[in-house]
Number of protein chains: 2
Amino acid sequence: MVVEIDLSDAEVDRIFRALADATRRDIVERVLTGEQSVSALADRYDMSFAAVQKHVAVLERAGLVTKHHRGRERLVRGNPDTIRRVQHLLDRYERLWRARIDALDALLAAPPSTPPATTPVPEQE
Amino acid sequence: MVVEIDLSDAEVDRIFRALADATRRDIVERVLTGEQSVSALADRYDMSFAAVQKHVAVLERAGLVTKHHRGRERLVRGNPDTIRRVQHLLDRYERLWRARIDALDALLAAPPSTPPATTPVPEQE
DNA sequence: AATTTCTACAACCATTTGGTTGTACGTTAA
DNA sequence: TTAACGTACAACCAAATGGTTGTAGAAATT
């Protein structure tokens, strides 16, 4: 199964914003280990049912969870694909950082008689 | 060098919120590959200097960048430690997911003569 | 000394966010 | 059939966000 590789800026915005709230992160954790109804989730938090409903909606719009019908309930389930995509994003940041560190190391390792100013970095992207 | 392992909810809030903006993510990428002054950054974006200054402040409060003095300039530099901590957070999410999948797999692998209705999931919490 | 550059910060504004309560509707249970 | 449960959604509100302009100070340039 091929998953989408690239995410638009707006999608990434929604994902990070969705994760920028402790209640929503907690919901994600819960539904990753097992789907739960909205009201079952709402029982866990000290806020109204409608507030939890809104949090779930934010997570759903970000693609972090999905909802399914079962009778009168709506079961919320975590979507690990989106989690994985965020990890790839952060991996990219780390690669950028490492490339820079490697370049600085190369500079320091090079003898001062041969300044490597022409090719400081393997020039990716 | 030992880095902090745990982050408070408020810290994680700030980090994810800081990353929930395309301009700020772009700034992070730029300063991970090499430090830049605030005005050099501001030249890159179609908004006022003050707006970019605010974005940098948000990133700084989240611990994603640091600022250093050089004459009248303030050099902005990426902080990979924080990036790494976010990765660890997401790793945790993935482990939770995998644990659940493994449990379901174990259920499916069990012979039908032993109905697993009593323990559908390893009952966490 | 005067001017320009880089930064800091306050004040303001429109929009979004995160919460509330209230109403309505489909589904299950008595 | 009636009542209770689970959900959806609108309306409202306070606070935060993301932008602006304007003022001021420190450092560099002329």
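Judged by distance alone, with hydrogens and angles left aside, B:Arg72 brings a side-chain donor or acceptor within reach of the base of C:dT5, the pair sitting under 3.5 Å.
Residue contacts for B:Arg70: at a heavy-atom cut-off of 4.0 Å it reaches no nucleic acid atom on any strand shown. Counting non-hydrogen atoms under 4.0 angstrom, B:Ser37 reaches the backbone sugars and phosphates but no base.
Note: CG (A:Asp21) to P (D:dA16) measures 14 Å, nearest angstrom. As a whole-Å value, the separation of A:Arg14 CZ from C:dT17 C1' is 16 Å. As rounded to whole Å, 14 Å separates atom C1' of C:dT4 from atom CZ of B:Phe49. C:dT17 atom C1' lies 8 Å from atom NZ of A:Lys54, rounded to whole Å. The distance between atom CZ of B:Phe16 and atom P of D:dT17, rounded to the nearest whole Å, is 16 Å. Atom CG of A:Leu75 and atom C1' of C:dT27 are 14 Å apart (whole Å). In this structure, A:Met47 places its CE atom 13 Å from C1' of C:dT17, rounding to the nearest Å. A:Arg25 places its CZ atom 12 Å from the P atom of C:dG18, with the value rounded to the nearest Å.
Shown are B:Leu75, B:Val31, B:Val56; of these, the side chain to side chain contact (heavy atoms under 4.5 Å, CB included) with B:Lys67 is made only by B:Val56.
Side-chain N or O atoms of A:Arg17 include none that pairs as donor or acceptor with a backbone N or O of B:Phe16 at under 3.5 Å. Panel note: side chain A:Thr82, backbone A:Gly63; a donor-acceptor pair is recorded below 3.5 Å. Under the 3.5 Å distance criterion, the side-chain polar atoms of A:Arg25 are matched with a main-chain donor or acceptor of A:Leu19.
In this structure, the nucleotide among D:dG19, C:dT20, C:dA8 sitting nearest to the side chain of B:Lys67 is C:dA8. Among D:dA8, C:dT21, D:dG22, the nucleotide with an atom closest to any side-chain atom of A:Ala50 is C:dT21. Of the listed nucleotides (C:dT21, D:dT7, C:dC6), D:dT7 has the atom at the smallest distance from the side chain of A:Val38. Of the candidates C:dG18, C:dT7, D:dT20, C:dG18 carries the atom nearest the B:Arg17 side chain, counting heavy atoms from C-beta on.
Under 4.0 angstrom from either OP1 or OP2 of C:dT5 there lies no side-chain N or O belonging to B:Ser39. Within the structure, a side-chain polar atom (N or O) of B:Arg74 is placed less than 4.0 Å from OP1 or OP2 of C:dA8. Look at B:Ser48 and you won't find any side-chain N or O under 4.0 angstrom from OP1 or OP2 of D:dG19. Look at A:His55 and you won't find any side-chain N or O under 4.0 angstrom from OP1 or OP2 of C:dT17. Applying the 4.0 Å criterion to OP1 and OP2 of D:dT7, one finds that A:Gln53 has every side-chain N and O outside that range.
The existence of a salt bridge linking A:Arg92 and B:Glu29 is confirmed by a sub-4.0 Å separation between a basic side-chain nitrogen and an acidic carboxylate oxygen.
Hydrophobic clustering, with ILVMFWY side chains joined whenever heavy atoms are under 4.5 angstrom apart, keeps A:Val58 apart from A:Phe49.
Map A:Gly71 and A:Arg61 each onto its nearest nucleotide of DNA chain C; the residue landing nearer the 5' end is A:Arg61.
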